[in-house]
Chemist: 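Have a look at this one before I ask anything.
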Amino acid sequence: MFADIISTVEFNHTGELLATGDKGGRVVIFQREPESKNAPHSQGEYDVYSTFQSHEPEFDYLKSLEIEEKINKIKWLPQQNAAHSLLSTNDKTIKLWKITERDKRPEGYNLKDEEGKLKDLSTVTSLQVPVLKPMDLMVEVSPRRVFANGHTYHINSISVNSDCETYMSADDLRINLWHLAITDRSFNIVDIKPANMEDLTEVITASEFHPHHCNLFVYSSSKGSLRLCDMRAAALCDKHSKLFEEPEDPSNRSFFSEIISSVSDVKFSHSGRYMLTRDYLTVKVWDLNMEARPIETYQVHDYLRSKLCSLYENDCIFDKFECAWNGSDSVIMTGAYNNFFRMFDRNTKRDVTLEASRESSKPRAVLKPRRVCVGGKRRRDDISVDSLDFTKKILHTAWHPAENIIAIAATNNLYIFQDKVNSDMH
Amino acid sequence: MSSIRTEHMRRLPYQARYMLGKGGKRKFDEHEDGLEGKIVSPSDGPSKVSYTLQRQTIFNISLMKLYNHRPLTEPSLQKTVLINNMLRRIQEELKQEGSLRPAFPASSPPAAAADPLGASAREAPPAFSQPAPAPCELGGAAALEACLTPASLLEDDDPDTFCTSSPAAPARLAPPALLPPEKDSFSSALDEIEELCPTSTSTEAAEADGPKGDSSSGGPGAPQRPEGLQDGGRPEDPKLMDSLPGNFEITASTGFLTDLTLDDILFADIDTSMYDFDPCTSASGTASKMSPVSADDLLKTLAPYSSQPVAPSQPFKMDLTELDHIMEVLVGS
């Protein structure tokens, strides 16, 4: 079984479980081993917990096109009982999966023997009560709901509401609100499809519910704007409550200004007070109370600004990088090329570039900061801009909700870094 | 006629000066591949050439992306929209700059990837069967009328020039580093397409050309259009032809950018700024006869920019003669 390209990474709300989705429609869930005194080295390492096939490729006969089975997003539901639940989606269909553990099984049936074969009744002389005996842990995954036919265009985001009853799914032009228990209908809450498709100039790129206010959600566009919407205001939230848009910097104008301003990911902070956005060259922190401009802007790889034409030609300019907050909203992280990922400390304003590679990830190895040089003085281990490998891109990253543990998806490898991360930011 | 011609001649130099004369600095990193770098404004002096070149390149790349790509799955709408916006913007710029040029009635953006090669491929032949720089050939009476004025201005009764310009045409303007190889495959691909659907060829040709009929008009034929449509090799064209019905259905269902004829797509988006910008001599030099002053001016101004990928000596073959010829034929004179 070969490892497929990882297409999404997501910790659950406690950080105990880490789910990854891949291009082949598979979901792999990792579980953090509880720290044990017996094996101090495996302090909370993540091991494979469950693997299942979430989506299969389909064929749209009307359009004569394949529907990819690639998992675009996974979102965990808050845990409400012993079972875990998650939503996984491809371009068209969202599925709700329930993950349960079975570690006991009943033994001592009266009518069946150990293998399950019916007993010869003449041999049964007494009645016994079946007893639950421990067994090897078995993780069972079952599809509980399939939310299909809700989207004409490709789903790019799903987000579970803080009310734990509803969730939204967004495609290029529309956002739908679903009830987790109802699969045959959804409410359309945003629709930006123009009457004449030839007038289409802007699409929805990402969306998310506010972590605390169940009526608020944000969606980003390919023109670099964010719209905060209030579901209490109207049934169809085409009119935003707030529009967050930064005016274009005239000194940086180029043919590619619009493309590089397209927001590829938006994430609310854990506090709910800020939003983090990623566009091609920067990550920006926005204060919900200020629509005019972001409060912080961090350059991820500004050295690419002079290469935009080539990056447009080879399509890299359309790569959709994600971004992440740490648990305390003090550090933000995003991926880049050459298997580099970047972290920015909002308080100290320091940043670091790290690499996810086999060499750098021997157990308990300390990640060495990397540097990309753009001409001028070059230090020993610097990488020059021209030798960056643009096929090695880190699009998907996730941060443990509470601890300094990060999951980095580098093509078809998953790297999990723990603990030492913060100390690298000097 | 002569008075109108003079007017046009007067206009050209102005245009050339307008395009090249404005000052202003533009950051341009010549150590890059010549096409990178920040563009501050299109009106800077020496950098106007490279700005236009870059714009042309980006335009070509954009068209390539939309049309040269037949995915098994539905192409990304976001990507399509962004590329379309790019093309629209460039088109707008060209419209604004090219005041001499007719306003293209088909101002709608090129078809989305969903319908890309579909319309394009099938109708490519007629496009290329006509002599090239038909920026006016927008497949519609309105287009023709819009073209009539400037073309008639250029009218110079020398049908020979048309033929002579043909061999030179492929060398026109395209940054050789990027385009020549694709040009060849492109034109051969177009020939393939032409072979594949002769019916539509003649239909389209008949419609668009009026009295002109089919491809025989001296010339340049397929290679004429490379700048506008640089297409990196289309070996998969036969497949595209087979799958055309699918493309159209996709278009219909996604609704994005249907109903465009090839003419709209191809000609509306052909970069004609070069025509304004460099009304240069054809091999026979008859173009220079039409507008000697402007051509010389331009060549003089262009001479210093030897760093440009295009050799100053044989770069900007002109289309005035070709335009001229087309209009002649169309108007039936």
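By convention in this document, chain letters (A, B, ...) are assigned in the order of the sequence lines, proteins followed by strands, and residues within each chain are numbered from 1. Since the model is a prediction, treat every value here as computed from it, not as a measurement.
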Chemist: Are Phe255(A) and Tyr51(B) side-chain neighbours, meaning at least one heavy-atom pair lies under 4.5 Å?
Modeler: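 Phe255(A) reaches Tyr51(B) side chain to side chain.
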Chemist: Most heavy-atom pairs under 4.5 angstrom with chain B, which of His154(A), Glu68(A), Glu258(A)?
Modeler: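 Ranked by heavy-atom pairs under 4.5 Å with chain B, first place is Glu258(A).
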Chemist: Identify the two heavy atoms, one from Ser222(A) and one from Leu82(B), that lie closest to each other, and give their separation to 0.1 Å.
Modeler: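 Scanning both residues completely, I find the closest heavy atoms to be O-CD2, 4.0 Å.
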Chemist: Who pairs with Asp60(A) by side chain to side chain contact (heavy atoms under 4.5 Å, CB included), at least two apart in sequence or on another chain?
Modeler: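 So Asp60(A) forms a side chain to side chain contact (heavy atoms under 4.5 Å, CB included) with Leu62(A), Lys63(A), Ile67(A).
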Chemist: Return the CG to NZ distance between Asn85(B) and Lys223(A), rounded to the nearest 0.5 Å.
Modeler: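 Asn85(B) atom CG to Lys223(A) atom NZ measures 6.0 Å (nearest 0.5 Å).
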Chemist: Counting only non-hydrogen atoms closer than 4.5 Å, does Lys70(A) touch chain B with its backbone (N, CA, C, O), its side chain (CB onward), both, or neither?
Modeler: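 Neither the backbone nor the side chain of Lys70(A) comes within 4.5 Å of chain B.
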Chemist: Within 45 degrees of the axis of the six-membered ring of Phe318(A) and under 6.0 Å from its centre: does Lys65(B) put its NZ or CZ there?
Modeler: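 No, Lys65(B) and Phe318(A) do not form such a contact.
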Chemist: Which value, rounded to the nearest 0.5 Å, describes the distance between Asn60(B) atom CG and Glu313(A) atom CD?
Modeler: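 Rounded to the nearest 0.5 Å, the CG-CD separation comes to 10.0 Å.
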Chemist: Relative to chain B, which of Ile317(A), Asp171(A), Asp91(A), Val203(A) shows the most heavy atom pairs under 4.5 Å?
Modeler: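 Looking at each option in turn, the highest pair count goes to Val203(A).
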Chemist: More than 12 heavy atoms of other residues, nucleotides or ligands under 6.0 Å from NZ of Lys392(A): is that the case?
Modeler: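 Open.
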Chemist: Please state whether the side chain, the backbone, both or neither of Leu173(A) comes within less than 4.5 Å of a heavy atom of chain B.
Modeler: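 The answer is the side chain of Leu173(A).
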Chemist: Could you tell me whether the side chain of Lys79(B) and the main chain of Asp315(A) form a donor-acceptor pair under 3.5 Å?
Modeler: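 Looks like no, no N/O pair under 3.5 Å.
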Chemist: Please report the shortest heavy-atom distance between Leu200(A) and Arg88(B), naming the atom on each side.
Modeler: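 The pair with the smallest heavy-atom distance is O-NH1, 3.4 Å.
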Chemist: Does Asp265(A) have any side chain to side chain donor-acceptor pair (under 3.5 Å) partners at least two apart in sequence or in another chain, and if so, which?
Modeler: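 Asp265(A) satisfies side chain to side chain donor-acceptor pair (under 3.5 Å) with Lys267(A) only.
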Chemist: Please state whether the side chain, the backbone, both or neither of Ser62(B) comes within less than 4.5 Å of a heavy atom of chain A.
Modeler: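 Both parts, heavy atoms under 4.5 Å.
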Chemist: Do Val81(B) and Glu202(A) make a side-chain contact, defined as non-hydrogen atoms from C-beta onward lying under 4.5 Å apart?
Modeler: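 The answer is no, as the side chains (C-beta and beyond) never meet within the 4.5 Å cut-off.
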Chemist: Classify the side-chain pair Gln78(B)/Ser262(A) by whether it contains a donor and acceptor separated by less than 3.5 Å.
Modeler: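 Present: a donor and an acceptor within the cut-off.
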